[in-house]
Amino acid sequence: MPSDAVRRKGRSAISAPGEHQETTRPDARDGGAERLLLVDDSRTQRLLLASRLRGWGYDVTEAADGAQALAMIEREGFRLVLSDWVMPGLSGPELCREVRRRETDHRAYVILLTSRREKADVAEGLGAGADDFLSKPVDEGELAARLTAGKRVIELQERLIGQREEMAQAYRELRTLHDRLDRDLAAAAELQRAVLPPPFACVAGFGVGTLFRAKGHVGGDHVGYFAAGDGLLGAFSIDVSGHGIASALLAIQLAQHFDPGNPRGNIAFDARHPRALRLRPPAEVVAELNARYLSGARHDFYFTMTYAVLARETGCVRLCQAGHPPAAVIGCDGAVRFAGDGGPPVGLLPDMHYHETALTLLPGERLVLHSDGIVEARDAASGALLDTEGLARMLTASAALPTEEILPELVSRVERFCGASGFEDDVSAVLIEQPAA
């Protein structure tokens, strides 16, 4: 079979008139003609091809051999390369290999011109990195179509690169926002911890322990207590619907209504009495919160809570349970009973009526107000909920411990119950021990 060099001497690189179809002028790129590098060691062939390509609107740069072409591609970054196969020095396939070896993201589209038609030759060219082939003599219509297709491939590639860069930029921006959110969440968690009471304290003669474990950085649970005067103690457990910062902020705001350092600003007291503060009944306090925090135009949150008032001298307890789990009472013998008759959540519906439950704690008995994150903890193996029966067993098992150790032991037991899956909700509780006579 005659070589490319022989064919080059005997025939033009472009087919003669009548051997090709009518061609159309390819569209130029926005902002100027499409740049194209033409590589051929035959000056005559370059002149013929370059003239036709310029007539189609291409900005043509010529290279006399593969080495010169490679230097131009590295220096000027041509997107379209039209190269002869057989050349002294670097052949067309060798030029392709060098171009591909040195490329990064922006890939040149290389079309090889050849008289070779054997499958092995095509495989060699493709293996070297060529994108397309044209047989000599080149048909003008086919050349114009192949170049247009090459431009489309390059433009698609550049759009993909642009999209990838946009995605990378978006990822960097998201990462920055994520880091900022992490810092904000850490600050919110620190704020929430700062307003929580200590894990154990003696208040108004009662031993009081607290537990708080957020599922995430922050949680919608809150617990607290305050001295109510004359041997009285107020204690509450709150669980705001939802999770995250909004729920945590509302929980913190609710806790401020029971501020132990500001009796006249404490919702538990009737501040209308100028000489002496009157402690309001628990059901009245919860009804007031319901009126203040109805969800709707201002927000979509509601909350559950238990609020209790304990008397040290008599052991009398008055509590209002509003959608919260029943309070647990740990007897002196370790037996656990539950108190509370239910009731609607707070901030969900207007004009709700709340009821109180009365009970008496014997000296040494403990009252536990807790959120549903404990009783709704899920066993990792079976998927069963802990429920009140499971909570009773755990409290009974810990009953002999000092008051300050019961809640830490409880949360350890619940963690073991949940296993690797961990808590599905915030967990909180407040425990009050009735002092000995």
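Note that the structure is predicted; figures quoted are calculated from it, not measured.
Aromatic ring pairs are classed by plane angle as parallel below 30°, tilted from 30° to 60° and perpendicular above 60°; the pair Tyr307 and Phe258 is tilted. The aromatic rings of Phe236 and His222 sit parallel to each other, their planes meeting at less than 30°, with 60° as the upper class boundary.
Side-chain contact annotation: Glu165 with Gln169, donor-acceptor N/O pair under 3.5 Å absent. No hydrogens or angles considered: a donor-acceptor pair under 3.5 Å links the side chains of Ser428 and Asp221.
The side-chain heavy atoms of Arg107 and Asp131, taken from C-beta on, include a pair separated by under 4.5 Å. Under the 4.5 Å side-chain criterion, counting only non-hydrogen atoms from C-beta, Phe133 is in contact with Leu126. Side-chain contact between Val346 and Tyr302 is absent, with no heavy atoms from C-beta onward closer than 4.5 Å. At a threshold of 4.5 Å between non-hydrogen side-chain atoms, the residues Val414 and Val427 do not count as touching. The closest side-chain heavy-atom distance from Lys151 to Leu80 is below 4.5 Å. Within the 4.5 Å cutoff, the side chain of Leu391 has heavy atoms near those of the His370 side chain. Residues Val203 and Tyr225 have side chains in contact (heavy-atom distance under 4.5 Å, counting atoms from C-beta outward). Inter-residue side-chain proximity for Ile374 and Met394 is flagged as unmet; no heavy-atom pair is nearer than 4.5 Å.
Salt bridge Glu155/Arg152: absent, no basic N to carboxylate O contact under 4.0 Å. A salt bridge links Asp179 to Arg175: at least one charged side-chain nitrogen sits closer than 4.0 Å to a carboxylate oxygen. Taking a cutoff of 4.0 Å between a charged side-chain nitrogen and a carboxylate oxygen, Glu389 and Arg393 do not qualify as a salt bridge. With respect to Arg378 and Asp425, no salt bridge is recorded, no charged nitrogen being found less than 4.0 Å from a carboxylate O.
For the residue pair Val99 and Ala108, the shortest heavy atom distance occurs at CG1-CB, 4.5 Å. The nearest pair of heavy atoms linking Arg280 to Asp270 is CG-N, 3.6 Å. For the residue pair Tyr109 and Arg146, the shortest heavy atom distance occurs at CE2-O, 4.4 Å. For the pair Phe417 and Ala377, the tightest heavy-atom approach, listed with the atom from each and the gap, is CE2-O, 3.4 Å. Closest heavy-atom contact between Ile238 and Ala255: CD1-N, 4.5 Å. Looking at every heavy atom in both residues, Ala50 comes nearest to Leu38 through N-CD2, 3.7 Å.
Every residue was checked against the ring pair (Phe, Tyr, Trp, His ring centres under 6.0 Å) condition with Phe206, not counting sequence neighbours, and none meets it. With sequence neighbours left out, the side-chain contact (heavy atoms from CB on, under 4.5 Å) criterion links Arg97 to Pro93, Glu94, Glu124, Ala128. In terms of the side-chain hydrogen bond (donor to acceptor under 3.5 Å, both in side chains) criterion, Gln256 has no residue partners (sequence neighbours excluded). In terms of the ring pair (Phe, Tyr, Trp, His ring centres under 6.0 Å) criterion, His217 has no residue partners (sequence neighbours excluded). Under the rule for a side-chain contact (heavy atoms from CB on, under 4.5 Å), the partners of Leu401 that lie at least two apart in sequence or sit in another chain are Ser398, Glu405, Ile406, Glu409.
No donor-acceptor distance shorter than 3.5 angstrom exists from the side chain of Thr210 to the backbone of Val430, with no hydrogens or angles considered. Proximity of a side-chain donor or acceptor of Glu365 to a complementary backbone N or O of Leu362 within less than 3.5 Å is detected. The main-chain N or O of Leu395 is never found under 3.5 Å from a side-chain atom of Arg413 such that the two would form a donor-acceptor pair. Between the side chain of Arg35 and the main chain of Arg79, no donor-acceptor pair closer than 3.5 Å is present. Panel note: side chain Thr306, backbone Ser237; no donor-acceptor pair is recorded below 3.5 Å. In this structure, the side chain of Asp59 does not engage the main chain of Glu34 through any donor-acceptor pair within 3.5 Å.
Annotation: the span from Cys332 atom SG to Arg366 atom CZ amounts to 8.0 Å, rounded to 0.5 Å. To the nearest 0.5 angstrom, Leu160 atom CG is 10.5 Å from Glu158 atom CD. Rounding to the nearest 0.5 angstrom, the gap separating the CG atom in Leu49 from the CD atom in Glu140 is 9.5 Å. Here Leu147 contributes atom CG and Tyr58 contributes atom OH; the two are 4.5 Å apart, rounded to the nearest 0.5 Å. In this structure, Ile330 CD1 and Thr403 OG1 are separated by 8.5 Å, a value rounded to the nearest 0.5 Å.
Other residues, nucleotides and ligands contribute only 12 or fewer heavy atoms inside 6.0 Å of the OH atom of Tyr171. By the 6.0 Å contact criterion, CG on Asp230 is open, its count of non-hydrogen atoms from other residues, nucleotides or ligands being 12 or less.
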Using residues 309-318 as the side-chain source, report each donor-acceptor pair under 3.5 Å to any protein atom, sequence neighbours left out, with the distance given to one decimal.
from	atom 1	to	atom 2	distance (Å)
Arg312	NH1	Ala204	O	2.7
Thr314	OG1	Cys316	N	3.2
Arg318	NE	Glu356	OE1	3.0
Arg318	NH2	Glu356	OE1	3.0

